[in-house]
Amino acid sequence: MSFNRWRFAWSGRPEMVDLFSNRFESLQGTVVGLRYYSGGVNPLEMVSLVREPQNPHDRNAVMVANVDGRQVGHIKKELAAAMAFVMDNNLAKVEGVVPYRTNNAFTMPVSLSFWGAEENRPAFTQRMAQHGLKFDSKGTMSKSEGSQGGRATKKVVTVPLSAEELKNAFDTLFDGLMESQDGEKEAAELVSTPLLPHQKQALSWMCACENSSTLPPFWEQRGALSLTCFSAKDSEGPRGPTGRPYGPGQNSDHHCPDPYQLPPREASSCAEMFGQVVEMSVETPQVTVSTDVQKKKPIVLLEDSDFAVALSGPTSGPKPKNKRSAKKTVPQDDLDIKLKKKKRATKQAILSKAAAEPCISETTEELSTRATLIICPLSVLSNWLDQLEQHVRAAVQLDVYLYYGPERNRSTSFLASQDVVLTTYNVVSADHANKSPLHAVRWLRVVLDEGHVIRNPNTQLERSWILSGTPIQKGVKDLWMLLAFLRLKPFHIKEWWNRVIQRPVTQGDRTGLLNLQTLVRCVTLRRTKTSTVNGRPLVALPGKAVCVERVELTWQERHEYELARSEGQSTVSRYVAEGTVLSNYADVLAILMTLRQLCCHPDLVAKMSASLSAATTPAELRQRLVEKLRAVLASGSDEECCVCLESVRLPVITHCAHVYCQPCIAQVVASERETARCPLCRSDITVSQLVEVPPGELERQEDGARCERWKTSSKVETLLGNLLRLRSEDPSIKCLVVSQFTRFLSVLETPLREQSFSFVRLDGTLSQKRRAQVIQEFQSSAPDSPVIMLLSLKAGGVGLNLTAASRVFLMEPAWNPAAEEQCIDRCLGQRREVHVTKFIVKDSVEENMVKIQRRKQDIVEKAFGSKNRPQDVSH
DNA sequence: ACCGCCGGGTGCC
DNA sequence: ACCGCCGGGTGCC
């Protein structure tokens with residue numbers, strides 16, 4: 001995972017579970033009443049503690065449940081009385097682990113840990129003391145209850161992970177998966193395209209996932225791993241109604257499940273706990289971006305074998321509608337799902353054989369089907385259709401329905417009769433408001449493409465897969481969403497996720513990290529473009545020929561450029577002499593920006609007033625800052641916020657003239673206790689001093705620029721020459737013209753129109769809908785379809801697929817070579833070679849861009865290092 | 001539960 | 001016999 005993506009995962013606060021993060025105390029208690037309940041617990045397993053305020057026997061009752069949610073017993077009443085107060089008043093959260101089992105069939109010990117906000121500690125301690133539970137300074141409980149306390153609390157001393165170690169662990173979290181899978185499975189007959197070895201492997205793995213009734217190693221080895229805290233199965237099975245039934249006054253509080261109401265469990269409930277993630281392509285950590293950026297190649301395999309029969313269980317309802325083996329395989333070669341490639345993209349799929357939820361299935365009347373539902377972003381819909389079309393044998397009648405558009409067929413029986421139903425996230429959520437037929441069908445399988453976008457996982461599924469290139473965008477918490485969707489027991493319950501993964505990981509606990517790694521390794525398949533199978537690369541990419549075309553400035557352009565350069569150079573020299581380069585970094589960047597813009601077109605340069613230090617009054621300073629900020633924005637450049645390393649959103653500028661996203665810098669300020677400092681130059685900053693651009697000003701700037709008479713530039717002419725030549729050679733060739741400066745794209749529109757080129761423009765300002773339209777137009781092979789796309793480097797988002805282009809013109813070098821690389825990859829259809837032309841102005845800043853880029857990265861990393869290591873905050 | 005606790009039966013040795 | 005002791009009934013909250 002990339003540096004930036006994991007940023008919050010180890011920077012603490014933002015991902016902190018909640019306020020319940022300080023361990024107050026641990027004590028040993030007793031679980032009683034075991035003989036009345038069926039929930040089993042093995043030694044060292046975790047249990048959850050649930051208040052039962054409605055319990056007719058004791059309003060203080062605290063119920064104990066195992067990982068499966070089955071009731072184990074109750075906390076002994078004296079202790080329950082103390083816990084009830086603590087829990088009801090939110091003084092602390094309680095977690096239980098059963099340390100060992102006695103040979104006593106009626107009670108068991110439970111080790112309780114209390115977690116709460118520090119300010120609640122006194123109230124907590126006092127209350128516990130009132131109930132005769134006192135804690136000494138060592139944090140062990142003295143008095144009552146704990147006659148065997150010594151055995152229970154084995155304090156494990158761990159050295160917390162450093163931020164660096166955590167980061168490395170995250171970076172490699174998805175590495176090395178599926179190293180030793182050696183099974184292969186051929187595609188079904190209906191697939192016309194032969195599978196590559198790694199596809200057969202993945203297919204074999206996926207089938208195994210869907211069919212398997214045995215536990216993945218994760219569960220089997222739980223004793224050896226530190227994930228010892230789970231009961232994979234009810235080892236004792238349901239005890240049946242041998243105990244006394246609930247009395248007549250029993251109320252049906254659903255927090256208190258009545259074991260006698262539940263249908264008997266399948267012999268092996270562990271079969272339900274099962275899930276897999278397939279990761280499809282890889283990224284290199286941004287920190288180590290180098291020239292040999294890894295190739296990315298998304299892969300998707302779907303396979304539907306005849307396991308429906310094998311899997312039929314009590315809740316599955318009617319099974320296969322016929323014996324036609326509808327198998328679908330989409331070889332990766334052409335499946336060109338373009339991901340939300342932020343810095344680099346990773347593609348993953350997650351599968352789970354969803355649990356048969358007894359309590360839910362009785363409430364809904366749903367139509368079971370053997371159909372597969374595929375949900376994806378709109379932009380890749382056509383990809384799926386294409387791929388199905390392309391790889392399914394023509395003679396086979398595969399019912400694929402596109403559930404999209406106002407006329408879509410909402411009949412549940414119709415949908416259930418399909419083999420594949422394709423739809424988009426937007427349709428699902430729009431439908432959801434009403435009564436969605438999608439939710440009324442019990443799909444055999446659901447596939448979420450770009451699944452990291454899911455919010456509310458409520459579908460009922462037999463088995464589900466998630467494909468995602470960016471399973472984690474902000475932090476580990478993102479994974480929870482996916483696990484929840486998959487019903488990956490027990491982690492779909494927030495409590496277990498928090499206890500086992502989230503809190504330990506955010507607190508730098510090695511065990512937590514190990515748990516996370518184990519979990520991920522067990523449920524994910526990762527495929528990267530550089531993955532090898534039997535020592536051979538998975539994919540041979542078609543080449544891309546990159547050539548650099550040097551651009552000579554005209555005499556007049558050179559004159560203007562040199563003026564700006566010498567002025568900038570003297571400014572920088574002065575900063576160097578003063579040793580203030582760092583604190584004037586924004587100025588340095590601005591100077592470089594101006595030079596870069598001059599290399600493209602003089603109109604890109606925003607007029608800027610003199611240095612900030614010339615400002616005397618606060619109002620004047622503010623005005624200067626606004627101008628500076630506006631200049632940065634108006635250029636349409638890809639200025640990055642160095643907190644999130646993304647393009648700046650909601651830009652604000654500090655008094656030290658550094659530009660950040662408003663939320664990012666606000667968070668920095670909030671997280672530093674005393675005085676907050678600018679991550680770039682360490683000047684003191686406060687939120688109130690942050691300056692935003694007054695709304696509306698940006699537009700005015702743009703309008704003003706447009707009034708002037710259009711003029712050309714050397715770079716524009718060079719591009720135009722290329723385009724005209726191409727058109728004369730082959731008028732159907734499609735080109736991408738890529739720039740970081742949206743204003744440059746605007747400049748280019750004029751000559752393109754003059755020369756009657758048919759073109760479209762794609763930049764960050766387009767709505768998602770319009771964007772999809774533009775892409776579709778450009779991808780069309782109709783004779784009058786556009787042959788040129790003006791593309792802003794940063795416009796890339798989910799599913800940008802521009803395979804129609806065979807030529808790419810990069811108008812200027814980017815700070816971040818990976819961004820260029822990605823942009824090029826987007827149009828790499830696997831069919832033909834792509835020609836890439838980079839324009840570089842001779843004897844200019846552009847030639848030094850790569851070096852400058854490195855230096856900038858250094859500074860950003862330093863800024864980070866000091867921010868993320870608390871002990872360094874004071875220098 | 002091979003416990004603790006309760007409460008009835010019982011009562012020199 | 002206003003006790004001790006015995007032994008059966010009993011058992012989460």
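Below, chain A is the first sequence line, B the second, and so on; all start at residue 1.
Atom NE2 of A/His74 and atom P of C/dC12 are 11 Å apart (whole Å). In this structure, A/Met63 places its CE atom 17 Å from P of C/dC12, rounding to the nearest Å. Between A/Tyr37 atom OH and C/dC13 atom P there is a gap of 10 Å when expressed in whole angstrom units. Between A/Arg35 atom CZ and C/dG11 atom P there is a gap of 9 Å when expressed in whole angstrom units. Straight-line distance from the CG atom of A/Asn104 to the P atom of B/dG4: 11 Å, rounded to whole Å. Separating the CE atom of A/Met83 from the C1' atom of C/dC13 is a distance of 13 Å, rounded to the nearest angstrom. A/His57 places its NE2 atom 10 Å from the P atom of C/dC13, with the value rounded to the nearest Å. At whole-Å resolution of the value, CG in A/Asn60 and P in C/dC13 are 11 Å apart.
For A/Arg121, the side-chain hydrogen bond (donor to acceptor under 3.5 Å, both in side chains) partners at least two apart in sequence or on another chain are A/Glu118. Listed by chain and number, the residues in a salt bridge (Lys or Arg N to Asp or Glu O under 4.0 Å) with A/Asp58 amount to none (sequence neighbours excluded).
Ring planes of A/Tyr37 and A/His74: perpendicular class, angle over 60° (limits at 30 and 60°). Using bins of under 30°, 30° to 60° and over 60° for the plane-to-plane angle, the ring pair A/Trp205/A/Trp465 lands in the perpendicular bin.
With a 3.5 Å ceiling on both atom-pair distances, the Watson-Crick or G-U wobble partner of B/dG9 is C/dC5.
Straight-line distance between the C1' atoms of C/dA1 and C/dC6: roughly 15 Å, to the nearest whole Å. Taking atom P in both B/dT10 and B/dC5, the straight-line distance is 25 Å, to the nearest Å. Between C/dG8 and C/dC13, the two C1' atoms lie 26 Å apart (nearest whole Å).
The shortest distance between the side-chain N/O atoms of A/Lys77 and the OP1/OP2 oxygens of C/dC13 is below 4.0 Å.
With hydrogens and angles ignored, no donor-acceptor pair under 3.5 angstrom links the side chain of A/Tyr36 to the base of C/dC13. At a cut-off of 3.5 angstrom, counting only N and O atoms as typed in the model, there is no donor on one side facing an acceptor on the other between the side-chain of A/Asp58 and the base of C/dC13.
C/dG11 has no stacking from A/Phe106 on its base ring, since the centres under 5.5 angstrom apart and planes within 30 degrees of parallel are not both found.
Look at B/dA1: its glycosidic torsion is beyond 90° from 0, and that puts it in the anti range.
Between A/Tyr425 and A/Ile375 the shortest side-chain heavy-atom distance falls below 4.5 Å.
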